[in-house]
Number of protein chains: 2
Amino acid sequence: MKNCVHKHHKKKQELASLTGRLRREARKITSPRAAILEILRHHPHPLTIKEIFAELPKGGCDLATIYRAMQMLEKLGMVKRFDFGDGAARFELVGEGEDGHHHHLICTRCAGVVEIDECFPEEIERRIASVNGFAGVTHRLEFFGVCPGCQK
Amino acid sequence: MKNCVHKHHKKKQELASLTGRLRREARKITSPRAAILEILRHHPHPLTIKEIFAELPKGGCDLATIYRAMQMLEKLGMVKRFDFGDGAARFELVGEGEDGHHHHLICTRCAGVVEIDECFPEEIERRIASVNGFAGVTHRLEFFGVCPGCQK
DNA sequence: CTTAAGTTGCAAACGATTTGCAATTGAAAA
DNA sequence: TTTTCAATTGCAAATCGTTTGCAACTTAAG
């Protein structure tokens with residue numbers, strides 16, 4: 001179950017559109033960045049820094065460069081950071097104008113990932129916020145279990 | 001908002017009951033362990049290793065000892081590990097027979113924590129599991145927002 | 001083509017957590 | 001109690017993911 005099922009209809013973004021977003025933010029389009037975006041573009045599921053590094057063409061860039069790129073892309077809202085609780089951050093490209101909020105179902109055996117459409121019920125979240133007087137409440141939510149292939 | 005609101009009626013467990021659980025598992029009741037349990041007993045909210053370390057009486061034990069103790073207590077199901085996404089694990093004592101599953105509302109400004117009674121709807125989780133053929137599905141869920149005190 | 005600001009590689013620094021190992025200590029047995 | 005041995009601890013070194021300082025190097029604007 002190393003592959004990923006996608007129920008979200010994420011249109012693969014054009015590289016030009018991505019670099020355009022960068023340019024608009026007065027960021028330089030360097031070859032490491034183009035290569036990283038290219039990889040993210042082709043992987044609709046969350047990738048760790050090391051996975052991106054591994055996908056990088058021969059003589060790719062330094063790990064630090066990827067870390068810096070992801071920080072910056074996250075700040076610009078172009079990628080969303082996910083935490084599966086295993087100590088390594090994962091990143092996924094976010095469509096223009098979208099916020100990328102969604103969840104995953106992760107196999108605790110093979111680490112396979114399935115994107116989930118369901119989200120925590122808004123009314124309940126709203127109630128939790130108001131009952132406690134909190135503002136701007138969001139949540140971090142991930143599901144864990146054993147995938148079909150790992151159950152035997 | 002450095003204090004914690006508790007809507008859960010967690011009865012503070014007796015130290016004797018805790019050490020009894022250890023003894024039953026053929027684990028030694030050492031002074032570091034007793035001190036750690038004593039601290040957890042008095043703090044119904046999730047504590048980081050460093051917080052436990054700081055609470056430790058003068059000449060407490062080594063950090064490594066706390067790490068080892070928490071690993072072991074977690075394995076025995078006596079503490080539950082939480083991840084607020086800030087890189088430091090937090091631990092909370094779990095009542096005998098309970099599984100400690102619950103969630104928190106965390107202030108992104110002051111890091112204050114409120115325990116939440118709500119959980120992700122079971123029927124939806126069940127549907128997510130069956131639709132994807134996953135078994136033994138659980139979830140990790142935490143809420144984030146700005147607490148009343150930090151909103152001004 | 002020049003140039004200044006933005007970027008990169010590299011190595012060192014970090015913070016959380018783990019681990020090897022010799023010295024110490026519970027607690028079961030004598 | 002005292003003996004005895006496995007469980008446990010302290011300490012330092014090792015890991016791991018991530019960040020950062022800095023000099024060398026590009027990109028993109030003029």
Under 4.0 Å between a side-chain nitrogen and a carboxylate oxygen: does that hold for Glu55(B) and Lys50(B)? no
Which of residues 78-90 of chain B sit near DNA chain D, with a heavy atom under 4.0 Å from it? none
Decide yes or no for Ile39(B) and Leu47(B): does some side-chain heavy atom of the first lie under 4.5 Å from some side-chain heavy atom of the second? yes
Sequence neighbours excluded, which residues qualify as salt bridge (charged side-chain N to carboxylate O under 4.0 Å, His left out) partners of Arg81(B)? Glu74(B)
Should we count CD of Glu14(B) as having more than 12 external heavy atoms under 6.0 Å? no
Does a side-chain N or O from Tyr67(A) land closer than 4.0 Å to OP1 or OP2 of dT19(D), or not? no
List in chain and number order the residues that pass salt bridge (charged side-chain N to carboxylate O under 4.0 Å, His left out) with Glu38(B), two or more places apart in sequence or in another chain; answer none if no residue qualifies. Arg41(B)
Show the atom names and distances, to 0.1 Å, of all donor-acceptor pairs under 3.5 Å that link a side chain in residues 25-32 of chain A to residues at least two apart or in another chain.
from, atom 1, to, atom 2, distance (Å)
Thr30(A), OG1, Arg33(A), N, 3.4

Just to verify, what does Glu122(A) make a salt bridge (charged side-chain N to carboxylate O under 4.0 Å, His left out) with, not counting sequence neighbours? Arg126(A)
Can you pull out how bent the helix from dT18(C)-dA13(D) to dA30(C)-dT1(D) is, comparing the axes over its first five and last five pairs, to 10°? 30°
Check: residues 144-152 of chain B side-chain donor-acceptor pairs under 3.5 Å, at least two apart:
from, atom 1, to, atom 2, distance (Å)
Gln151(B), NE2, Gly133(A), O, 2.6
Gln151(B), NE2, Val146(B), O, 3.0

Partners meeting side-chain contact (heavy atoms from CB on, under 4.5 Å) with Ala129(A) (sequence neighbours left out): Val137(A)
Listed by chain and number, what are the side-chain contact (heavy atoms from CB on, under 4.5 Å) partners of Ala64(A), not counting sequence neighbours? Asp62(A), Arg68(A)
Rounded to the Å, how far apart are Leu63(A) CG and dA12(C) P? 16 Å
Quick one: which protein N/O atoms are closer than 3.5 Å to N/O atoms of nucleotides 22-27 of chain D? Pair and distance per line, please.
from, atom 1, to, atom 2, distance (Å)
dT27(D), O2, Lys28(A), NZ, 2.7

Please name all residues satisfying side-chain contact (heavy atoms from CB on, under 4.5 Å) with Phe84(A), sequence neighbours left out, ordered by chain then number. Pro46(A), Phe82(A), Asp86(A), Arg90(A), His104(A), Ile106(A), Val113(A), Glu142(A)
Is any side-chain N or O of Arg23(B) closer than 4.0 Å to OP1 or OP2 of dA27(C)? yes
Do the ring planes of Phe120(B) and Phe143(A) sit parallel (below 30°), tilted (30 to 60°) or perpendicular (above 60°)? perpendicular
Can you name the atoms? Protein N/O to nucleotides 13-15 of chain C N/O, anything below 3.5 Å, with the distance.
none

Can you tell me if Glu92(A) and His102(A) form a side-chain donor-acceptor pair at under 3.5 Å? yes
Whole-Å gap separating P (dA6(D)) and CZ (Arg27(B)): 16 Å
